[in-house]
Amino acid sequence: MKFIYQLIFTLSLACFSLSTLAHSGHDHNHWSSPALHTLFYVSLDAALGAIAFLVFKKLTRTKHATKQ
């Protein structure tokens, strides 16, 4: 259960942190903007995928342990 609370706490910090907001000079018209935004969203997808994998492993390990 502690793992779930830590996961929820970490995700809430990542999602609601003020530091995730764009700075005042954030320019979507710069030539590198599409590549940088793509890299940002790919990294978010990778992090969420890793978290989902860890949760899946934790849940399946717990189910498997209780069946034996």
Side-chain angles (χ1 to χ4, degrees):
M1 197 66 166
K2 182 179 177 183
F3 175 76
I4 300 295
Y5 289 131
Q6 288 175 341
L7 180 64
I8 292 171
F9 179 71
T10 304
L11 287 176
S12 65
L13 283 178
C15 292
F16 303 115
S17 174
L18 292 177
S19 64
T20 61
L21 298 175
H23 55 85
S24 59
H26 193 85
D27 184 13
H28 282 263
N29 294 324
H30 193 265
W31 65 270
S32 65
S33 182
L36 292 175
H37 283 90
T38 301
L39 288 173
F40 172 72
Y41 288 117
V42 167
S43 68
L44 283 181
D45 288 342
L48 290 175
I51 290 170
F53 177 73
L54 290 174
V55 169
F56 174 75
K57 291 285 283 186
K58 177 78 173 176
L59 291 176
T60 56
R61 187 179 315 136
T62 304
K63 278 185 183 178
H64 185 62
T66 56
K67 285 185 179 180
Q68 292 182 358

- Task: Could you list the residues that satisfy side chain to side chain contact (heavy atoms under 4.5 Å, CB included) with I4, not counting sequence neighbours?
- Result: I8
- Message: Just verifying a value: how many Å separate T10 OG1 and I51 CD1, rounded to the nearest 0.5 Å?
- Response: 7.5 Å
- Please list, chain by chain and in numerical order, all residues satisfying side chain to side chain contact (heavy atoms under 4.5 Å, CB included) with L39, sequence neighbours excluded. none
- Task: With sequence neighbours left out, write down each residue that passes side chain to side chain contact (heavy atoms under 4.5 Å, CB included) with K57, or none if nothing qualifies.
- Result: F53, R61
- Task: Kindly state each residue pair satisfying side chain to side chain donor-acceptor pair (under 3.5 Å) with at least one member in residues 39-50, sequence neighbours excluded.
- Result: none
- Kindly write out the residues that satisfy ring-ring contact (aromatic ring centres under 6.0 Å, His included) with H37, not counting sequence neighbours, or none if the list is empty. H26, H28
- Query: Which residues satisfy the side chain to side chain contact (heavy atoms under 4.5 Å, CB included) test with S32, sequence neighbours excluded?
  - Reply: H30, L36
- Message: Between L48 and L54, is there shared hydrophobic-cluster membership here, with clusters defined by ILVMFWY side-chain heavy atoms closer than 4.5 Å?
- Response: no
